[in-house]
Amino acid sequence: MKLELQNADHGIDLLRQMILIRRFEEKCVELYAGQKIRGFLHVCIGEEAVAVGALGLLAADEAVVSTYREHGHALVRGIAPGAIMAELYGKREGCAGGRGGSMHLFDAATRFYGGNAIVGGGLPLALGLALADKMRGNARVTCCVIGEGAMAEGEFHETMNLAALWRLPLLVLCENNLYAMGTALAHEHAVDGVSRKADAYGIASDSVDGMDVLAVEGAARGALERVRSGTGPFLLECRTYRFRGHSMFDAELYRPKSEVEEWKARDPISQLAAGLESIGRSGEKLRAELELAADEVIGAAVEFAEAGQWEPVADLTRFVTSETS
Amino acid sequence: MKLELQNADHGIDLLRQMILIRRFEEKCVELYAGQKIRGFLHVCIGEEAVAVGALGLLAADEAVVSTYREHGHALVRGIAPGAIMAELYGKREGCAGGRGGSMHLFDAATRFYGGNAIVGGGLPLALGLALADKMRGNARVTCCVIGEGAMAEGEFHETMNLAALWRLPLLVLCENNLYAMGTALAHEHAVDGVSRKADAYGIASDSVDGMDVLAVEGAARGALERVRSGTGPFLLECRTYRFRGHSMFDAELYRPKSEVEEWKARDPISQLAAGLESIGRSGEKLRAELELAADEVIGAAVEFAEAGQWEPVADLTRFVTSETS
Amino acid sequence: MNARKVTYREALREAMVEALRGDPRVFLMGEDVGAYGGCFAVSRGMLEEFGPERVRDTPLSESAFVGAGIGAALGGMRPIVEVMTCNFSLLAADQIVNTAATLLHMSGGQFSVPLVIRMATGGGKQLAAQHSHSLEGWYAHVPGIRVLVPATLQDARGMMAGALECPDPVLIFEHQTLYNREGELAEDAGAVAIHGAKIQRPGRDLTIVAYGAGLWKSLAAAEALAAEGIDAEVIDLRVLRPLDDATIVESVARTHRVLIVDEGWRSGGIAAEIGMRIMEQAFYQLDRPVARLCGVEVPIPYAPQLEHAALPQVEGILEIARELIHGHE
Amino acid sequence: MNARKVTYREALREAMVEALRGDPRVFLMGEDVGAYGGCFAVSRGMLEEFGPERVRDTPLSESAFVGAGIGAALGGMRPIVEVMTCNFSLLAADQIVNTAATLLHMSGGQFSVPLVIRMATGGGKQLAAQHSHSLEGWYAHVPGIRVLVPATLQDARGMMAGALECPDPVLIFEHQTLYNREGELAEDAGAVAIHGAKIQRPGRDLTIVAYGAGLWKSLAAAEALAAEGIDAEVIDLRVLRPLDDATIVESVARTHRVLIVDEGWRSGGIAAEIGMRIMEQAFYQLDRPVARLCGVEVPIPYAPQLEHAALPQVEGILEIARELIHGHE
Ligand SMILES: Cc1ncc(C[n+]2csc(CCOP(=O)(O)OP(=O)(O)O)c2C)c(N)n1
Ligand SMILES: Cc1ncc(C[n+]2csc(CCOP(=O)(O)OP(=O)(O)O)c2C)c(N)n1
Ligand SMILES: [Mg+2]
Ligand SMILES: [Mg+2]
């Protein structure tokens, strides 16, 4: 963890964001047990450094296409915690009007294009967003977040090839948490890592420790500069780990407890807190304060969600097609 | 063209096969003009060295999965020319009973699994054939022939990854003729060649001059040895060229005539004939003899097809599902 | 109003050329739309006028380039994506059904997808089982998309403008046997509605509901029936989703007898839906059960006599029409 | 004959275990069937018994591993491929429709494809639009495949054996809400036919045609109707392709009134096909038009009240049944 003294404030901000995500999702797990949240719920606990380190660098008008494990991405991109929580509740005040739920957060204002539950399905969509920008002369980036599991889908291959052929401003951000549900990396990919995959398309790539938010930020900054310079797409892999099961229905038969414990010892939040400690800020005290602050935000979000309305059943068929007025 | 004296007979046999394919397809073009053959017709004129050099090495029980440009493959694998021609006519004596036509030659006896007209669609099927062999302890190879265009499809990626993961006895034989219909290589693939593509899966690969039948044979022999040794799949690229349009409906707007002429100067048949000449056999005389012999075979095939029957319309719905007796 | 001779293919091209000229957001993308001139020569010449950015050749990557169409539409463009035939569109079925069709709803109305996808459909050219199927009725099952089946030159010329204006995904199915069809088109032919069926031939004795290539077979049959004293009304559906029940039901209320002609496979095809709607809305108007003439349930074979037998033909229409009027012999 | 308590999930597992024990050619392949124990825990424990070759975890590559199932079937194996939900099967739609379903015919009868594909289907668990759709009726449109929809424990236990014996591709749709369903199963429960519908409750006043999760809703409705003096017959379709018209038509000839319950989207769904078959074969037996209660035509939303409203429910069945008997109020 390379934290410099002059960056302490920035470090604290990163810590704040990671803690917000962590606490938000811990709350989600609790609410799921209480059946306030239903359906599938996938949390990114343990992986917060990726969302915060990488997506935090995007400009306000840069687009994100994400997966079903996207609460962290949505929070970093600035969707209101209340709107996210209301969505998880299925309320009309949710950021997708309650129609999407946990796997389908959407927000036009922050250009957050889901929340996609077809693994790899967001890649062609992100390709198209980048294509539109290129055709319209916009230098901005589209960032597509995928898990390493998605790299086995044909859509990954087709998208990489097209993005490279057309030199599109696309950043593919791979959260490699070593498992696709219960399938370990060694059973997913004949070749580990992204560099040889990227090479196959002549795409620049990088791989970084996804538990170190500063490292993620550094790598993402480099990747984004490159993409914004117009040389084409970039594939950035962050090696990370989910501390919890794949979803709320996971017996975790496929990995040893000890492995989980090893990775927990590298908790990105603890690491950053320790980094702050090492430059003379009280990491643990900060952490406690930030947790309190986060809990307040989350409490308000829950209240907002609780107070939200159920969409009237009469509106069921709204938005199947557009309402042309 | 490295032809050794002691191999003259083998060289003559290769020449015989290439000439049979060439003459067969020239006849097809003629018959198409005469409306004896209908639908889509894709000939491999110019590319004969690949079929003859590579597929000629397969053992009798090794499977082939091919494309819609497969007459040459079918002939090399030993499907009777009459059965192929009857199929092109749409007669019930055809190797697919007239239901398939030019794009869908099939033959159980020679383990010829199509004749597939979905570009890339044969790859997963070949993967499965190889998987069955591996699970049943058969060391034999399944050979999947694809065009370079197919390498852009997601199925290529998924199949490569799975074949490598599972170390399956699969030879992917890529006929790279520089175009997918009218789309030139530079618009198909961000990266040319197969080595970086194969690397992405840790698959062994090779690329060879597809106009030189002996070179093809040499490369294919190496590839097949490797696959049969149980180390997993192999990707072999043969750089070749089709002298004619993509199908009978091609205005050839996308490539200069001069390019076609350059490649015609490298005609695999002429090259082999010259090679035979160089070791003291009269290449041109041989060629003329073999053409005569081929024409006899083809004449008989056409007769067979002409004499064939039209499947009664009452049998239309046969073979939609199996007839369990 | 002057008229001129054009083909269906030319009418489609004119519509696209007009769209690309008129709106910088519109572009055409697909396999071989550019240098090759389009696999059915629909876009020939367009690369020269609009350049490779706007007439964009893609590699063989149906899922990615259809999905890229969705993304580009979200990004403010108005893409026309060409998929060579609807058979190949199955490689992009996930993008069409799971993404294009759902995005507006899943996002609570935030993200509409103004995407147009054109594809060839249908049999009759001996292209066999992987190039000849009719999937327009199948896609019409999916909420969130609109399905157009232009049969006439007017619709080939005029539907594109409306499709591009539509905020939602529009699938256009062009029957392979129609591309060479020639006819008269008004000099100033332009946009037509992308909703609603149309009575192409009024009649009193019987309603024939058809679309695409089936329309022309139905009109030919209607002529032959007229000679026998049977006056058939022929409806061109034009749009398979949303279906225009009203026009059909209104016709049935007059004729009391219906035949639906649909090249798609019989079981679970669009003909069944139309029949069911008639049952629901005009049961007591029916003198006889609704009849349908569909594609035989078989992967379309190559052999000409088998392919012919697998598809609805004029003769079959005549037979059923006579039976509907005169009863079983 | 002893009976025991089992769940639908266990019944499915038993059938697979039996198949793998009994035939070395049978193996199971799909995402997370092994180490994870199956995404719906159907195959839990099977990896331990049969090892990673025969309970084969695949990467996320639906098109390739479904296609590999086709190839392995051609190569002499008897693969069971699991696709987690039918929504994801659209990524393999090309392999299923363009290859598995056509190969036998295209090859003139030479290559049959004895492949079994299992997938979860249906809504009711708030999984939203990319995990909740019902595509079994959609697939039933395609010639060359067989479509099974086990609703009962007997069928969950017994259909696999027949599916594996079938020389052609068989798709099995398991409704997500049924996995936890518990009931009695005979100690020696085994193979059942993979053709034919079954009258699950005889009745005289009205025929309710249902399948999958809809069967249970229909049976519950029939109980409630009985209390009102309406005696409903409930038919479990069991197989959507080929459809067993005969059983339906025979029932209609007795009851003269029909309601079809189908969770798939209404337009162009399997309910339309069933209605059309009744019209074609039993028009003059109908006292009223055939009614259908289908999934509302909307990508299934997450919110519970919306999802509930989007799917057929007992209340809706009751309403339509009453109307069929008593007429509109
Ligand atoms: C096309 C598709 N296939 C299967 C699934 C079921 N599924 C959901 S998440 C998942 C694993 C994805 O792994 P990865 O991409 O590594 O993301 P992670 O969950 O690890 O963040 C699977 C198999 C799906 N949603 N979509
Ligand atoms: C999935 C699919 N997409 C498009 C087509 C139309 N098509 C037929 S051949 C072809 C080009 C294929 O090129 P390549 O793989 O290089 O083979 P070649 O024809 O050059 O031998 C295309 C686009 C198809 N048959 N299947
Ligand atoms: Mg993962
Ligand atoms: Mg090629």
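Proteins come first, then strands; the chains are lettered A, B, ... in the order of their sequence lines, and each starts at number 1.
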**Student:** For B:R167, look at atom CZ and say whether over 12 heavy atoms of other residues, nucleotides or ligands are found less than 6.0 Å away.
**Tutor:**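 No, not enclosed.
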**Student:** Quick one: which residues of residues 147-157 of chain A reach chain B at under 4.5 angstrom, heavy atoms only?
**Tutor:**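 Under the 4.5 Å heavy-atom cut-off, A:M151, A:A152, A:E153, A:G154, A:F156, A:H157 qualify.
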**Student:** In terms of heavy-atom proximity below 4.5 Å to chain A, should B:A186 be classed as side chain, backbone, both, or neither?
**Tutor:**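 Contact with chain A: backbone only.
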**Student:** Closest approach of B:V191 and A:D199, non-hydrogen atoms and distance?
**Tutor:**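 Taking every non-hydrogen atom into account, CG2-O, 3.9 Å.
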**Student:** Working to the nearest 0.5 Å, report the span between OH of A:Y201 and NE2 of B:H189.
**Tutor:**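 Those atoms lie 10.5 Å apart.
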**Student:** Tell me, side chain or backbone of A:A198 under 4.5 Å from chain B's heavy atoms, or both, or neither?
**Tutor:**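 For A:A198, there is no contact with chain B at all, as no heavy atom is under 4.5 Å.
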**Student:** Chain B: which of A:N161, A:T159, A:I203 shares the most heavy-atom pairs with it under 4.5 Å?
**Tutor:**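 Highest number of pairs under 4.5 Å: A:N161.
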**Student:** Just checking A:R239: does its CZ atom have more than 12 heavy atoms from other residues, nucleotides or ligands closer to it than 6.0 angstrom?
**Tutor:**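 Enclosed.
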**Student:** Under 4.5 Å, counting heavy-atom pairs only, tell me which of B:E188, B:K197, B:M160 racks up the most with chain A.
**Tutor:**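 Answer, by heavy-atom pair count under 4.5 Å with chain A: B:E188.
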**Student:** Taking atom CZ of B:R226 as the centre, does the number of heavy atoms from other residues, nucleotides or ligands within less than 6.0 Å exceed 12?
**Tutor:**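 Open: at most 12 neighbouring heavy atoms sit under 6.0 Å from CZ of B:R226.
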